[in-house]
Amino acid sequence: MNSYQGKTFNVVTYGCQMNVHESEKIRGVLSSLGMQEIEDIESADVVVFNTCCIREGAEDRAYNNVMALRPIKEKNPSKIIILCGCMPQQPKGKYKLKERLPFVDIIIGTHNVNQLDQYLLKYAMTKEHIYDIIEKPIGSLDNNNCVRDDKINAYVNIIYGCNKFCTYCIVPYVRGREKSRTPQDIYREVKDLVQNQGYKYITLLGQNVNSYGKDLKEKMSFSELLTYLCQIEGDFKIKFMTSHPMDLGDDLIKVMKQESKVAKALHLPVQSGSSHILEKMNRHYDIKHYMSIIKKLKRAIPNISLSTDIIVGFPGESEKDFNLTLKLLKKVKYDQVFAFMYSKRTGTPAATFDNQIDEKEKNIRLNKLLRLQKLIQKDQIKKYFNKTYDCLIRHINGIAVGITDGGKDIYIPNYKYVNQNYFAKVKVEDIRNHKLSGVIK
Ligand code: SAH
Ligand code: SF4
Ligand code: F3S
């Protein structure tokens, strides 16, 4: 019995899938202290803000939402507010936040969030604020029971940290160096999720999954890991993110093509269409190389769904560089593009580069790019006609729907379904109002 037994909590999450999954682990830790999750952050006894600092916007959102709790905390001092994740882990992050948010009870970083239960128990005894940011991880959160929201797709970490140091990016500073989990550990977790918990998609997570296994005593490449996980019996598919173009080899393309359990979808961030900008970003590839990967992928897996990340307005990005990015979008025809305005991150090399682009110009470029991508996507719908996709069959509002690996819905109006959540081949036979419909093959 501890003093948190029967109390309520809420976890607010910002940032990438890694953070979303970390919050699932945090919810597991809090539940194992005997606490109950509720939706209302105003009345929850414990509120955890699991933060992101990838761009200024993410930081502002978290900061404003924490500030909004201040009056409630003043009325009810026994409410416990915790801030963790990437924001406090930034160089000098703890001090900045300690001064700006003095009413927050516990501030910890990414490397010690696995000790959250210990910090809470300590806080219950001393009632003294805790500010603790450590430089290197101790232990891991891997073996905790996570509380997953989604019942279809489960996130599974395979590698933590990043060694790439792209010049714009804060991640290597807040997540530390690459550290792979053992294949046996991952296998056990995936097997349990598929065979005991009924998950249909497993999404393997890492800042750069293609670096998987390089740091292990017994080396294993990412494509070997995929082959190993595909041996798990069951009706499920494996997705993964994020891939770095520099480390994506022919072995991965081969496994993606051959293994029916590997989803035919790939998120491959390009960041810019200009090789000159890519060099300044320290991305270690040029557009020629990137395009050669795209070509090979499309040739090997004609139905592949591709998505990417783009940064507009990186320091020194000329009109010509930006136009090369637009040209790239027209060439690749991604199914989805996540585009961001460059955000200066203190402590990263690009923050000190000359020729920073002004916010207005970045905004103009972003909107131009988004408009173009919208047109491309509208046009892309044609490519689905008469093609057959391996889909997860679900019921949505009483209609059977096949969901492709890339997340596209194909309605199956004439299908008299009995059950759902299984994979089947669906052929697209009609496209109307940008909606696909088809039949099960
Ligand atoms: N590890 C992944 C994702 C990193 S963060 C990768 O290498 O692709 C997700 C995306 O945020 C990045 O792909 C990049 O497009 C964007 N991003 C990172 N730092 C940024 C910054 N300072 N300003 C704007 N966008 C940024
Ligand atoms: Fe950031 Fe680059 Fe690492 Fe991705 S690969 S997390 S963009 S440093
Ligand atoms: Fe943000 Fe940290 Fe992810 S900075 S994008 S939450 S690794």
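Counting starts at 1 for both ligands and their atoms, in listed order. When reading the values below, keep in mind they use all heavy atoms of this one structure, side chains included, and skip hydrogens, waters and symmetry mates. Note that the numbering runs from 1 along the sequence shown for the chain.
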*Are any N, O or S atoms from Cys52 nearer to atom 2 (Fe) of ligand 3 than 2.8 Å?*
no
*Which residue supplies the protein heavy atom nearest to atom 1 (Fe) of ligand 2, what is that atom called, and how far is it?*
Cys169 SG, 2.3 Å
*So which heavy atom in the protein is nearest atom 4 (S) of ligand 3, and how far is it from that ligand atom?*
Cys53 N, 3.3 Å
_Min heavy-atom dist Arg55 to ligand 1 below 4.0 Å_ = yes
*For atom 7 (S) of ligand 2, what is the nearest protein heavy atom, given as residue, atom name and distance?*
Tyr168 OH, 3.3 Å
*Show which atoms of ligand 3 fall inside a sub-4.0 Å distance from at least one heavy-atom site of Asn19.*
6 (S)
_Nearest-neighbour protein heavy atom for atom 3 (Fe) of ligand 2, which is reported as residue plus atom name and distance_ = Cys162 SG, 2.3 Å
*Tell me which protein heavy atom sits closest to atom 19 (N) of ligand 1, plus the residue, atom name and distance to 0.1 Å.*
Tyr168 CD1, 3.3 Å
*List every atom of ligand 1 that sits less than 4.0 Å from any heavy atom of Thr242, numbering the atoms from 1 in the order shown and giving each element.*
2 (C), 6 (C), 8 (O)
*At the 4.0 Å heavy-atom cut-off, does Gln17 count as touching ligand 3?*
no
*Would Asp132 and Lys122 count as a salt bridge (charged side-chain N to carboxylate O under 4.0 Å, His left out) if you check the C-alpha gap in whole Å, the side-chain angles of each, and the deciding distance to 0.1 Å?*
CA-CA 13 Å; Asp132 199 12; Lys122 186 173 165 201; over 6 Å; no
*Look at atom 14 (C) of ligand 1 and say which protein heavy atom is nearest, naming residue and atom and giving the distance to 0.1 Å.*
Gln271 OE1, 3.4 Å
*asked:* Distance under 4.0 Å to a non-hydrogen atom of Gln207: what atoms of ligand 3 satisfy this?
replied: 7 (S)
*Out of Leu120, Val11, Asp105, which one pairs with Ile82 under the side-chain contact (heavy atoms from CB on, under 4.5 Å) rule?*
Leu120
_Please compare Met281, Met18, Gln207, Lys164 and report which has the shortest non-hydrogen distance to atom 6 (S) of ligand 2._
Gln207
*Does CD belonging to Gln197 count more than 12 external heavy atoms closer than 6.0 Å?*
yes
*Pick one of side chain, backbone, both or neither for how Phe340 approaches ligand 1, counting any non-hydrogen atom pair under 4.0 Å.*
side chain
*Indicate yes or no: at least one non-hydrogen side-chain atom of Cys84 is less than 4.5 angstrom from one of Val48.*
yes
*asked:* Let's go through Phe165 and Tyr173 carefully: what are the C-alpha distance in whole Å and the side-chain angles of both, what is the deciding distance for ring pair (Phe, Tyr, Trp, His ring centres under 6.0 Å) to 0.1 Å, and is it a yes or a no?
replied: CA-CA 9 Å; Phe165 289 93; Tyr173 305 89; 5.4 Å; yes
*Around atom 2 (Fe) of ligand 3, find the nearest protein heavy atom and jot down its residue, atom name and distance.*
Cys86 SG, 2.3 Å
*Would you please determine whether Met18 falls within less than 4.0 Å of ligand 3 on a heavy-atom basis?*
no
*Among all protein non-hydrogen atoms, which one is nearest to atom 4 (C) of ligand 1, and what is the separation to 0.1 Å?*
Gln207 OE1, 3.7 Å
_Under 4.0 Å to a heavy atom of Arg345 - the qualifying atoms of ligand 1, by number_ = 22 (N)
*Quick one: which ligand 1 atoms are inside 4.0 Å of a heavy atom on Pro269?*
8 (O)
*List every atom of ligand 2 that sits less than 4.0 Å from any heavy atom of Pro172, numbering the atoms from 1 in the order shown and giving each element.*
8 (S)
_Whether Arg283 lies under 4.0 Å from ligand 1, heavy atom_ = yes
*Could you tell me whether the side chain of Arg394 and the main chain of Asn421 form a donor-acceptor pair under 3.5 Å?*
no
*Of the protein's non-hydrogen atoms, which lies at the shortest distance from atom 3 (Fe) of ligand 3, and what is that distance?*
Cys16 SG, 2.3 Å
*When rounded to the nearest 0.5 angstrom, what distance separates OG in Ser318 from CG in Leu324?*
7.5 Å
*asked:* Show me which atoms of ligand 1 lie under 4.0 Å from any heavy atom of Tyr342.
replied: 23 (N), 24 (C)
_Subset of ligand 2 atoms that lie under 4.0 Å from at least one heavy atom of Phe165_ = 8 (S)
*What protein heavy atom is closest to atom 10 (C) of ligand 1, reported as residue, atom name and distance in Å?*
Asp309 OD2, 3.4 Å
*Could you grab the distance from atom OH of Tyr212 to atom CG of Leu252, nearest 0.5 Å is fine?*
14.0 Å
*So which heavy atom in the protein is nearest atom 23 (N) of ligand 1, and how far is it from that ligand atom?*
Ser343 N, 2.9 Å
*Please state whether the rings of Phe314 and Tyr342 are parallel, tilted or perpendicular, taking 30° and 60° as the class boundaries.*
perpendicular
_Leu328 side chain near Met291 side chain, heavy-atom distance below 4.5 Å_ = yes
_For a quick check under 3.5 Å, do Ser274 and Asp321 share a side-chain donor-acceptor pair by atom type?_
yes
*Give the single entry among Ser211, Cys166, Pro269, Ser243 that approaches atom 2 (Fe) of ligand 2 most closely by any heavy atom.*
Cys166
*Is ligand 1 less than 4.0 angstrom away from at least one heavy atom of Met341?*
yes
*Ignoring hydrogens and angles, state whether a donor on the side chain of Asn208 or Asp247 is under 3.5 Å from an acceptor on the partner side chain.*
yes
_Could you check whether any side-chain heavy atom of Asn153 comes within less than 4.5 Å of a side-chain heavy atom of Tyr199, counting everything from C-beta outward?_
no
*Strictly under 4.0 Å, does any heavy atom of Ile54 approach an atom of ligand 1?*
yes
*Is the closest heavy atom of Ile311 to ligand 1 under 4.0 Å?*
yes
